[in-house]
2 protein chains.
Amino acid sequence: MHRLFPSLRIDVNSGLYVKDPESSDLGKRIVSEGILLIHELGFESFTFKKLGLKIGSNESSLYRYFENKHKFLLYLTSWYWGWMEYKLVFTTHSLPDPMEKLSTAIQILTATTEEDGAFTHVNEVVLNKIVINEFSKSYLTKEVDEENRNGYFVIYKRLVSRISEMIQQVNPDYQYPGALASTLLEGALHQHYLKEHFPQLTECGSSTSPAEYFLDLIQRSLS
Amino acid sequence: MHRLFPSLRIDVNSGLYVKDPESSDLGKRIVSEGILLIHELGFESFTFKKLGLKIGSNESSLYRYFENKHKFLLYLTSWYWGWMEYKLVFTTHSLPDPMEKLSTAIQILTATTEEDGAFTHVNEVVLNKIVINEFSKSYLTKEVDEENRNGYFVIYKRLVSRISEMIQQVNPDYQYPGALASTLLEGALHQHYLKEHFPQLTECGSSTSPAEYFLDLIQRSLS
DNA sequence: ACAAAATGATAGTAATACTATTATATTTGC
DNA sequence: GCAAATATAATAGTATTACTATCATTTTGT
């Protein structure tokens, strides 16, 4: 996929960074190594000091790119959803049949991320794992309403809207397209988490994928 | 409901506390006021020092009841799910029709909590709000597998199993009873969160409840 | 070559998340 | 009713976190 748009850039809300990390080598290293370190330590134990140490840079330098680790997480997850949106729009754009379009969308959104490499400094496979483990923490905060007003969640919201619209195209009479779309996005992350840590709670696992479950669920809901 | 079993006790895993908070006045105050303070400050800003101040007790005394605030959260959420399980089993026990049983279960699990007062020192309405906002943080950690092995999530898992079995009773051919049950429990919390903070992402709101959406979703899925 | 910008080094602060110790209440068992 | 046991309070102390501020050094663009 990366050969098609070599200069593609995902437009994350500029309030999420102090200085654009795409604008320098250090910024890119913060992002790429930050992804790996959050994955390794978990978000709670992750600190800028540790990241500075890992990339051989000074803690104070990292603060010139991101105000704090919460905004860093918002940046990474926004980037992830922007990347998903790009894949979704690109792949489904030319599909004429609404159900085929929606099915393709579900597959993209619920699949385990494979190597992509469109953005050399971002390891999308690890980023996907971070999103599964940490995305909820980015909005389950006391500051959510203000941050929402600041536009920090626009990409995610737009993505839910897109799915919602696809659902309406398939069945204009269905009463809960938004609820179903939001259940799909959030539920997909949840099923991936369960298959890793609570396998007894779901059929999703080695032989059945979250994609199959959600495809079935949505087909039944809209028929 | 509280008049039926005045001496009912919810059996939370004893590894979650150092000293049983039900065993003393101070313990009960830690729980009751702790619920209010977490709701007020959010889990990130909540500390034992602040709670000690609020209840006029010493920080060090709180540590004699709970190792840390993470275990305190696990205790509170376990208690909540135990309470939900009790309501669920009690209410659905005598229902002979599987679909009626499941529908009743869905209503209990997705409803907004109203005053109960079965347990005088626990404000279940506020606790329900805490669960919506903070439950995910209790398991989205690096320690989840060990804590799962310790049995800290048994009540929640048993609850998912119960729903899963109800689903199987309604439609034995349905392939994803566990996935659907876990989607329901987690999705219900999520829809409640969305209607509060991201109302544009869901139809659930003042005129439509999460209960209606999930009842419809599950009926469609199992027919 | 020079100024400006970026980065690094160091230091400092208030708060967090505890642990340890000792003192004072309170309860209970006889 | 009193001593012993238990519970709670008070105080102090530690390492870490999450920053901010200042100044030095390196890199860069023209």
Side-chain angles (χ1 to χ4, degrees), chain A residues 14-34 37-38 40-76 121 134 137-138 140-143 146-147, chain B residues 14-34 37-38 40-76 121 134 137-138 140-143 146-147:
Chain A
S14 63
L16 291 177
Y17 48 79
V18 183
K19 177 179 175 175
D20 183 3
E22 303 270 355
S23 71
S24 75
D25 261 19
L26 179 60
K28 285 176 194 159
R29 275 175 63 70
I30 290 171
V31 169
S32 63
E33 298 293 310
L37 195 60
I38 289 176
E40 190 186 319
L41 303 177
F43 187 65
E44 282 71 35
S45 300
F46 169 85
T47 69
F48 279 179
K49 192 169 190 182
K50 291 173 185 169
L51 180 54
L53 214 74
K54 185 184 172 95
I55 66 178
S57 181
N58 201 273
E59 190 189 2
S60 61
S61 303
L62 308 208
Y63 280 101
R64 292 207 187 83
Y65 285 88
F66 295 99
E67 265 181 58
N68 51 51
K69 71 173 179 173
H70 174 243
K71 289 221 172 159
F72 185 47
L73 179 62
L74 283 172
Y75 177 89
L76 294 177
H121 67 294
E134 323 289 1
K137 298 169 192 168
S138 77
L140 293 172
T141 69
K142 279 284 163 187
E143 296 77 32
E146 199 197 328
E147 294 184 346
Chain B
S14 65
L16 292 177
Y17 48 79
V18 182
K19 178 179 174 174
D20 182 3
E22 304 269 353
S23 71
S24 75
D25 261 18
L26 179 60
K28 284 176 195 160
R29 277 176 60 71
I30 291 171
V31 169
S32 63
E33 298 293 310
L37 196 59
I38 290 176
E40 191 186 319
L41 303 177
F43 187 65
E44 283 71 35
S45 300
F46 168 86
T47 69
F48 279 179
K49 192 168 190 185
K50 291 173 185 169
L51 180 53
L53 214 72
K54 185 184 172 95
I55 66 178
S57 181
N58 202 273
E59 188 188 2
S60 61
S61 302
L62 308 207
Y63 280 102
R64 290 208 190 79
Y65 285 87
F66 296 99
E67 266 182 59
N68 51 52
K69 70 172 180 173
H70 174 242
K71 288 221 173 158
F72 186 46
L73 180 61
L74 283 171
Y75 176 89
L76 294 178
H121 67 293
E134 322 290 0
K137 299 170 192 168
S138 77
L140 292 173
T141 68
K142 279 285 163 187
E143 297 77 30
E146 198 196 331
E147 294 184 345

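Just so we're clear, the structure is a prediction, and the values are computed from it rather than from any experiment. Just so it is clear: chains get the letters A, B, ... in the order the sequence lines come, proteins before strands, and each one is counted from 1.
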What's the [atom1]-[atom2] distance between [X] and [N], to the nearest Å?
X	N	atom1	atom2	answer
A/Asp20	C/dA5	CG	C1'	16 Å
A/Leu73	D/dA18	CG	C1'	16 Å
B/Leu37	C/dT16	CG	P	12 Å
B/Tyr63	D/dA10	OH	P	17 Å
A/Asn68	D/dT17	CG	C1'	12 Å
B/Phe66	C/dC18	CZ	C1'	17 Å
B/Lys28	D/dT8	NZ	P	12 Å

Exercise. Under 30°, 30 to 60°, or over 60°: which ring-plane class applies to A/Phe48 and A/Tyr63, parallel, tilted or perpendicular?
Worked result: perpendicular
Problem set entry | Per-nucleotide protein contact string for nucleotides 6-11 of chain C (B base, S sugar-phosphate only, - none; heavy atom under 4.0 Å) | SBBBB-
For residues [X] and [Y], report the shortest heavy-atom separation together with the two atoms involved.
X	Y	answer
A/Phe66	A/Pro21	CZ-CG, 3.6 Å
B/Tyr65	B/Ser24	OH-OG, 2.5 Å
B/Phe43	B/Lys69	O-NZ, 2.8 Å
A/Ser57	A/Leu26	OG-CD1, 3.6 Å
B/Leu73	B/Glu134	CD2-O, 3.8 Å

Exercise. For B/Ser60, what residues pass the side-chain hydrogen bond (donor to acceptor under 3.5 Å, both in side chains) criterion, not counting sequence neighbours?
Worked result: B/Asn58
Seminar exercise, completed: Across all chains, not counting sequence neighbours, the side-chain hydrogen bond (donor to acceptor under 3.5 Å, both in side chains) partners of A/Glu33 are none
For this session: To the nearest 0.5 Å, tell me how far B/Phe72 CZ sits from B/Leu62 CG.
Result: 8.5 Å
For this session: Check whether any side-chain N or O of A/Arg64 sits under 3.5 Å from a backbone N or O of A/Val18 as a donor-acceptor pair, and report yes or no.
Result: no
For this session: Enumerate the residues from residues 41-54 of chain B whose closest heavy atom to DNA chain D is under 4.0 Å, giving them by residue number; use none for an empty result.
Result: none
Problem set entry | Qualifying side chain to side chain donor-acceptor pair (under 3.5 Å) pairs, either residue in residues 40-54 of chain A, two or more places apart | A/Glu44-A/Lys137
What pairs of nitrogen or oxygen atoms, one from the protein and one from nucleotides 26-29 of chain D, lie under 3.5 Å apart?
none

